[in-house]
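This report concerns only the one structure given below.
Sequence positions, counted from 1, serve as the residue numbers for this chain. Read the numbers this way: they start at 1 and go in the same order the structure lists the ligands and their atoms.
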Amino acid sequence: MIALTPAERILKGLGIEAPSEIDLEAIAWTRGAVVNYRPLDRCEATIVGSERRAVITVNGRSPPERRRFSLAHELGHWHHHKGKMLFCGGRDVCNFANSPLDPERQADAFASDLILPNYLLSPRLRRVKRPTLAAAREIAEEYSASLTATLFKMTALNRFPIIIACYNKTKRRWFERSPMLQPWWFPLDSLDRATFAADMLFNEAAEENFPRKMPADAWFGFKGCDRFEVEEQSFRLPDEEILTVLKLPDEAVA
Ligand SMILES: [Zn+2]
């Protein structure tokens with residue numbers, strides 16, 4: 001049993017036992033924060049607060065999952081960085097490329113725990129046979145979360161031997177690895193043109209319906225990795241980026 005995080009303690013305190021019960025505006029209200037939605041030009045969300053009361057404004061132009069994550073992110077600032085006035089830009093909210101010590105990542109971690117709490121998601125993942133995009137999309141829908149945030153949590157929860165890696169056309173932007181994996185499975189700095197992911201990013205190939213096998217040396221650089229195969233499946237992100245789920249062989253489990 002993993003200890004509850006601050007966000008999970010809030011949910012437990014409210015008796016929340018299903019993803020559909022995670023009403024973020026109601027939760028904000030119980031924390032003394034009022035939520036507004038209006039078009040914002042240069043940021044995703046802001047929080048202005050005194051010691052006890054806060055006003056959170058979320059960009060009404062953003063899509064629903066993004067607005068939800070932004071609101072949870074601001075509640076993370078309200079929990080961790082009370083009394084500060086903050087403007088969170090598009091690259092601050094839900095950006096897994098930020099360092100773990102960055103306050104924006106702290107707010108993101110809080111948001112991830114509020115929207116995809118371990119105590120609900122772990123039992124849910126036990127019903128997932130294969131970590132496909134279809135399975136992740138089903139969960140994302142149940143939790144009103146983005147596919148990226150869902151896959152990130154699925155990886156961190158260590159249920160499957162997977163790595164998720166985000167690339168743009170020149171380099172790897174970030175990746176996350178299931179803790180069960182050997183640390184030398186470290187995805188390459190830039191996308192190998194032999195991968196299906198590169199075919200999608202550079203040649204506009206369509207998304208695959210199922211993960212496909214690929215020699216591991218298209219993704220990894222350590223000596224001897226050419227003995228293995230991995231399974232890859234990717235989807236497109238905005239701004240010419242791609243996110244790939246790599247399922248590693250049993251031999252990669254530490
Ligand atoms: Zn922020």
Before giving the answer on salt bridge (charged side-chain N to carboxylate O under 4.0 Å, His left out), spell out for D189 and K171 the whole-Å C-alpha distance, their side-chain angles and the decisive distance to 0.1 Å. CA-CA 6 Å; D189 291 341; K171 63 180 171 66; over 6 Å; no
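- Between A205 and R236, the shortest heavy-atom contact is O-NH2, 2.7 Å.
- Relative to the ring axis of F202, R193 places its NZ or CZ within 45° and under 6.0 Å from the centre.
- Each protein N, O or S atom less than 2.8 Å from the Zn ion (ligand 1) was counted, giving 4.
- Taking both residues in full, the closest heavy atoms of E241 and C166 are given as OE1-SG, 3.6 Å, listed atom of the first, atom of the second, then distance.
- Side-chain contact between R177 and P183: present, with at least one pair of heavy atoms (C-beta onward) separated by less than 4.5 Å.
- When every heavy atom of A33 is checked against every heavy atom of I56, the shortest pair comes out as CB-CD1, 4.0 Å.
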